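Hydrogens, waters and symmetry mates play no part in the numbers below; they use all other heavy atoms, side chains included. These figures come from a predicted structure and were not determined experimentally. Remember, it's 1-based here, ligands and their atoms both numbered in the order they're listed.
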Amino acid sequence: MEELTTDILVIGSGLAGLLSALEAEKAGLRVLMVGKFTIGMGTNTSLANGVFTATNSSFSKEDHLQATLKSGKGLNQVRLVKTLVEKGPEALKRLRDYGIPILERGMGYIVDRPENSSQLPGILLIKPLVERLKNSSIKVLPGLVIFDLVEEEGEVRGTFGFSKDGKPCLIQSRAVVLATGGAGAIYRRNDNQRSILGDGYALALRAGLSLFDLEFVQFYPFVLGEPRLSSFLLYPPYPKEVRMFNEKGEDLLERFHLRGDLNQAIIVQRDQLSIALYNDTQSGDAFFDLTQVPQEKWEHYPLNFLKKSKFPFRERPFLVSPAVHFFMGGMEIDEKGGTSLPGLFAAGEVTWGIHGANRLGGNALTECAVFGVMGGQSAAEYVREKERSQGTPNLFSESFMKKWDRKVRTYLRKRRGTFDHPRDLLKDLKDLAWRYASPVREERLLKEGLDRLASIEKRIEKVYPATLKDLFKKRDLENVALLLKAILKGSLLRTESRGSFFREDFQNQDDTNWLKNTCYRLEKGELEITHRPCTRR
Ligand SMILES: Cc1cc2nc3c(=O)[nH]c(=O)nc-3n(C[C@H](O)[C@H](O)[C@H](O)COP(=O)(O)OP(=O)(O)OC[C@H]3O[C@@H](n4cnc5c(N)ncnc54)[C@H](O)[C@@H]3O)c2cc1C
């Protein structure tokens with residue numbers, strides 16, 4: 001087994017992870033960054049539309065606070081929202097200082113794209129940070145997949161994972177920043193990167209931490225639904241000539257009352273739009289039609305991006321569908337990015353609290369910017385404080401190493417069992433998620449989903465890692481099944497509708513009984529779900 005030692009380990013190389021690592025390095029500490037792929041790639045950040053909601057010259061702090069709380073419908077952690085609002089402008093300035101082209105626009109800022117460029121804004125966002133990282137002392141280990149957080153004597157001591165070539169790797173680290181993003185790809189229809197499968201949530205649960213509000217999943221109303229194209233998010237601004245209709249030829253923009261303001265509706269009404277379109281697409285297909293858009297508009301983003309595809313977007317209508325976009329739930333953090341496990345910090349989509357029952361468009365990137373910086377700074381302060389009080393002892397004892405050697409063997413043990421291909425099982429799980437934990441949920445379907453999940457879980461237990469690929473796939477299956485069980489069970493208990501969460505059988509928001517956050521925890525391997533009243537602070 002390979003052993004590595006660092007002061008601060010950052011897991012994830014999206015916006016939150018990159019900023020954490022760069023900040024931690026400023027404290028003169030050894031920083032190691034790992035991600036599933038090349039640094040910056042395979043991240044949802046690289047796909048982002050580059051919209052940041054934050055205070056600017058025409059959008060006040062109070063505006064930002066109220067808009068975020070309105071969208072969250074009472075479930076936000078107000079203390080975190082206040083931090084986001086207070087520190088947003090400063091974090092945006094820091095991004096500019098890193099060389100990211102950012103312009104003031106609407107309710108905040110956007111990544112400025114050169115005229116007629118069809119490059120994704122997320123790439124423009126991430127590039128300068130990756131360049132900065134390359135010129136720093138930060139060590140990077142791309143292609144290392146973390147399987148476990150290592151915890152000893154009530155504090156985090158590092159992590160365990162496998163490199164892509166199958167080498168087990170134990171990393172000693174005085175502090176760890178978890179920036180593993182969300183879990184959108186556990187659903188059949190999603191606009192996330194394929195590898196965003198909720199690893200961070202599973203890591204946290206298995207380390208004994210609580211997660212919150214996992215049942216709140218944000219859907220984006222319009223992604224490409226054409227079977228041979230990836231589920232690419234159809235970015236606004238949409239030109240006014242866009243039309244949308246169903247199989248019967250009915251005008252859906254009329255039906256959803258969106259004629260005037262489709263672009264604004266995408267920011268503030270994503271949940272209702274997704275539900276309406278999901279319902280509509282249960283009995284037939286829905287289409288976007290760009291054939292009326294004049295030639296000159298195809299030279300501008302995002303149409304110039306679509307134009308690059310072989311699909312004849314200019315000549316014929318194409319299928320669209322709602323898809324999973326973002327996870328509101330996740331790990332609890334304090335205002336400085338600390339978690340309940342000493343030494344463990346978290347930032348970005350893996351965390352919970354700011355968005356409540358639904359995220360206001362543009363707040364995810366601002367969250368990554370604010371809490372990414374803070375996660376790195378807090379981890380560095382923690383390590384410095386530890387050094388002052390305890391020096392720099394070896395974190396891994398001999399007996400501890402033996403324990404981990406045994407654990408590695410259990411991961412690699414080949415067991416006999418009926419053979420199910422992990423790829424097929426992952427597809428089954430994703431289908432199950434889309435069918436039973438969809439934008440529209442109800443008791444009968446949620447119970448049926450749980451029954452079906454139980455039978456898939458039995459098949460997952462019997463998957464043995466015949467190849468290296470299977471080893472990674474099996475971990476994915478275990479993580480996805482765990483997360484899905486949480487979402488289905490949590491959804492069954494919440495007998496109301498709120499924000500992005502919609503129960504067909506309980507369609508009203510119930511503030512008398514449900515101004516509560518849902519708490520998920522693993523107790524002796526079993527998922528326990530409780531509720532706690534929301535705090536208004
Ligand atoms: C298409 C699209 C457009 C969007 N547009 C916007 C927008 O304009 N504005 C906005 O506010 N929000 C937007 N969002 C949401 C926002 O982009 C994301 O919430 C945000 O980028 C998440 O950043 P992150 O750093 O938390 O995680 P990510 O950028 O997703 O990075 C996660 C990292 O963790 C790594 N990782 C995960 N598990 C492991 C593991 N087990 N071991 C090692 N590494 C691991 C991954 O490899 C990756 O490097 C958009 C999202 C999508 C999908």
Side-chain angles (χ1 to χ4, degrees), residues 9-21 33-54 84 88 105 107-111 120-122 125-126 129-130 140-149 159-164 169 171 177-185 190-203 218 220 222-224 230-236 266-267 302 323-328 330-331 346-351 354-355 359-369 371-372 375 472 475-476 479:
L9 171 69
V10 177
I11 312 174
S13 66
L15 183 59
L18 285 166
L19 290 172
S20 287
M33 167 177 268
V34 301
K36 288 186 175 178
F37 305 101
T38 309
I39 296 307
M41 292 298 109
T43 61
N44 271 356
T45 304
S46 64
L47 295 175
N49 201 18
V51 177
F52 291 80
T53 296
L84 178 90
R105 185 69 53 84
M107 301 196 306
Y109 303 82
I110 55 159
V111 172
L120 289 177
L125 172 61
I126 227 158
L129 298 175
V130 173
V140 296
L141 266 183
L144 188 91
V145 181
I146 301 300
F147 273 42
D148 292 288
L149 293 172
T159 61
F160 170 77
F162 284 94
S163 63
K164 280 281 176 217
C169 184
I171 303 174
V177 182
L178 202 59
T180 44
N190 72 84
D191 61 12
N192 286 203
Q193 297 275 12
R194 233 186 305 167
S195 58
I196 300 295
L197 291 167
D199 297 27
Y201 302 130
L203 285 168
Q218 186 179 60
Y220 194 87
F222 314 122
V223 302
L224 288 181
S230 68
S231 301
F232 183 74
L233 182 150
L234 289 164
Y235 288 117
I266 286 287
I267 304 277
V324 170
H325 185 58
F326 183 86
F327 268 60
M328 264 71 72
M331 295 170 70
E349 194 170 333
V350 72
T351 66
I354 288 177
H355 312 292
R359 173 175 69 90
L360 180 70
N363 261 350
L365 289 180
T366 310
E367 173 180 26
C368 289
F371 288 88
F472 291 110
R475 195 50 163 182
D476 284 347
N479 289 348

[atom]: nearest protein contact (heavy atom, Å):
| atom | result |
| --- | --- |
| atom 48 (C) of ligand 1 | T43 CG2, 3.6 Å |
| atom 5 (N) of ligand 1 | N49 N, 3.0 Å |
| atom 28 (P) of ligand 1 | N44 N, 3.6 Å |
| atom 23 (O) of ligand 1 | T45 OG1, 3.2 Å |
| atom 4 (C) of ligand 1 | A48 CA, 3.5 Å |
| atom 27 (O) of ligand 1 | G181 CA, 3.4 Å |
| atom 49 (O) of ligand 1 | S13 N, 2.9 Å |
| atom 9 (N) of ligand 1 | V51 O, 2.8 Å |

Check whether any N or O atom of [X], backbone or side chain, sits under 3.5 Å from an N or O atom of ligand 1, and answer yes or no.
| X | answer |
| --- | --- |
| F326 | no |
| C368 | no |
| G348 | no |
| N192 | no |
| A16 | yes |
| A364 | yes |
| L47 | no |
| T366 | no |
| I146 | yes |
| K36 | yes |

Minimum-distance pair of heavy atoms, taken over all atoms of [X] and [Y]:
| X | Y | answer |
| --- | --- | --- |
| V177 | S20 | CG1-OG, 3.6 Å |
| V223 | L233 | CG1-CA, 3.8 Å |
| V145 | D199 | CG1-OD2, 4.3 Å |

- prompt: Which option out of H325, R475, Q218, M33 puts a heavy atom nearest to atom 51 (C) of ligand 1?
  reply: H325
field: Test ring pair (Phe, Tyr, Trp, His ring centres under 6.0 Å) applied to F52 - qualifying residues, sequence neighbours left out
entry: none
statement: Taken in chain and number order and not counting sequence neighbours, the residues that satisfy ring pair (Phe, Tyr, Trp, His ring centres under 6.0 Å) with Y220 are H325
Determine whether [X] and [Y] make a side-chain contact, defined as any pair of heavy atoms from C-beta on separated by less than 4.5 Å.
| X | Y | value |
| --- | --- | --- |
| S13 | T43 | yes |
| N192 | V324 | no |
| L144 | S163 | yes |
| F327 | I196 | no |
| I146 | L178 | no |

message: Working to the nearest 0.5 angstrom, can you tell me the gap between R359 CZ and F326 CZ?
response: 5.0 Å
query: If you measure only the distance, is there a donor-acceptor pair under 3.5 Å linking the side chains of E367 and H355?
result: yes
So for [X], does at least one of its heavy atoms come nearer than 4.0 angstrom to any atom of ligand 1?
| X | answer |
| --- | --- |
| S195 | no |
| G200 | no |
| L144 | yes |
| R359 | yes |

Proximity to ligand 1 by part of [X], non-hydrogen separation under 4.0 Å:
| X | result |
| --- | --- |
| D199 | side chain |
| L233 | side chain |
| L197 | neither |

- request: Answer yes or no: is there a donor N or O on one side and an acceptor on the other, between the side chain of T180 and the main chain of Y201, under 3.5 Å?
  value: no
